[in-house]
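All remarks here apply to the structure that follows.
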Amino acid sequence: QVQLVESGGGLVQAGGSLRLSCVASGSMLSIDDMGWYRQAPGKQRELVARITRDSRTNYADSVKGRFTISRDNAKKSVYLSMNSLKPEDTAVYYCNADLLFTAWGRYYDYWGQGTQVTVSS
């Protein structure tokens with residue numbers, strides 16, 4: 001079964017750092033865009049960062065200069081390095097990937113289970 005397996009969330013003090021990892025497991029032909037999204041309590045899910053298969057990136061304005069998204073295509077993984085964390089970064093962070101299973105098929109959106117990031121004041 002195809003899964004996006006996340007790790008790296010936790011509790012950190014303001015100003016600290018965390019690195020989130022997401023590994024796509026199972027059988028797939030290729031992975032296109034990958035990204036990280038987050039959902040804070042009482043808020044809608046929002047894009048944090050996204051990266052194409054050739055490593056072009058874009059970021060939410062709120063995280064530019066603090067977060068870095070990267071990927072390792074050989075490992076089918078995407079990472080989010082989070083620095084200078086703020087309490088407002090507190091959210092459940094979700095990995096997203098567009099997966100291709102057949103050359104003639106379409107890409108399907110897959111989501112990780114989410115990992116909690118809590119930043120204390």
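The structure presented is a predicted model; accordingly, all values stated were derived computationally and were not measured. Only heavy atoms go into these numbers, but all of them, side chains included; no hydrogens, no water, no symmetry mates.
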For Gln13, I'd like to know if atom CD has over 12 heavy atoms of other residues, nucleotides or ligands within 6.0 Å.
no

Using modelled atom types and a 3.5 Å cut-off, is there a donor and acceptor pairing between side-chain atoms of Arg106 and backbone atoms of Thr102?
no

Would you say that Tyr37 contacts Gln39 through its side chain, given a criterion of any heavy-atom pair below 4.5 Å between the two side chains?
no

Phe101 vs Leu29, test: side-chain contact (heavy atoms from CB on, under 4.5 Å). Steps then yes/no.
CA-CA 5 Å; Phe101 299 98; Leu29 185 62; 5.7 Å; no

Can you see which heavy atom on Val63 is nearest to which on Val48, and at what distance?
CG2-O, 3.6 Å

Assess whether a salt bridge exists between Arg50 and Asp98, defined as any Lys/Arg side-chain N lying under 4.0 Å from an Asp/Glu carboxylate O.
yes

Testing the 3.5 Å rule here: is there a donor-acceptor pair between the side chains of Tyr107 and Ser30?
yes

Tell me if a side-chain donor or acceptor on Glu6 pairs with a main-chain N or O of Gly114 at a distance below 3.5 Å.
yes

Cluster link Tyr110 to Ile51, ILVMFWY, side chain under 4.5 Å:
yes

Using the side chain to side chain donor-acceptor pair (under 3.5 Å) rule, take Asn83 and Ser17 through it: C-alpha gap first, then chi angles, then the decisive distance, then the call.
CA-CA 4 Å; Asn83 303 124; Ser17 299; 2.9 Å; yes

Looking at every non-hydrogen atom in both residues, tell me the closest pair between Tyr93 and Leu20 and how far apart they are.
CB-CD1, 3.7 Å

Gln116 versus Thr118, side-chain donor and acceptor atoms under 3.5 Å:
yes

Between Val119 and Thr90 the two heavy atoms that sit nearest each other are N-OG1, 2.9 Å

Hydrophobic cluster membership, with links at side-chain heavy-atom distances under 4.5 Å among I/L/V/M/F/W/Y: are Trp111 and Leu47 in one?
yes

Do Val78 and Cys95 have side-chain heavy atoms sitting under 4.5 Å apart?
yes

Are any non-hydrogen side-chain atoms of Leu85 and Leu18 less than 4.5 angstrom apart?
yes

Donor on one side chain, acceptor on other, Ser77 and Asp72, under 3.5 Å:
no

Side-chain ion pair, Asp61 and Lys64, N-O less than 4.0 Å:
yes

Arg38 charged N/C atom sitting above Tyr94 aromatic ring, 6.0 Å / 45°:
no

Output for pair (Cys22 SG, Gln3 CD), nearest 0.5 Å, gives 10.5 Å

Arg53 and Asn73: which non-hydrogen atoms are nearest, and at how many Å?
O-ND2, 3.0 Å

Flag side-chain contact, heavy atom, 4.5 Å: Val117 against Val92
no

Between Thr68 and Ser81, is there a donor-acceptor pair closer than 3.5 Å when you use the side chain of the first and the backbone of the second?
no

Given the side-chain rings of Phe67 and Trp36, with only the six-membered ring counted for Trp, is the space between their centroids under 6.0 Å?
no

Looking only at non-hydrogen atoms, find the nearest pair between Lys76 and Met34 and report the distance.
O-CE, 4.4 Å

For Tyr79, does the six-membered ring have the charged nitrogen or CZ of Arg71 within the cation-pi criterion, i.e. under 6.0 angstrom from the centroid and within 45° of the normal?
no

Does one hydrophobic cluster hold both Val23 and Met28, with members joined at side-chain heavy-atom distances below 4.5 Å?
no

Minimum heavy-atom distance between Ala49 and Leu80, given as atom pair plus value
CB-CD1, 4.2 Å

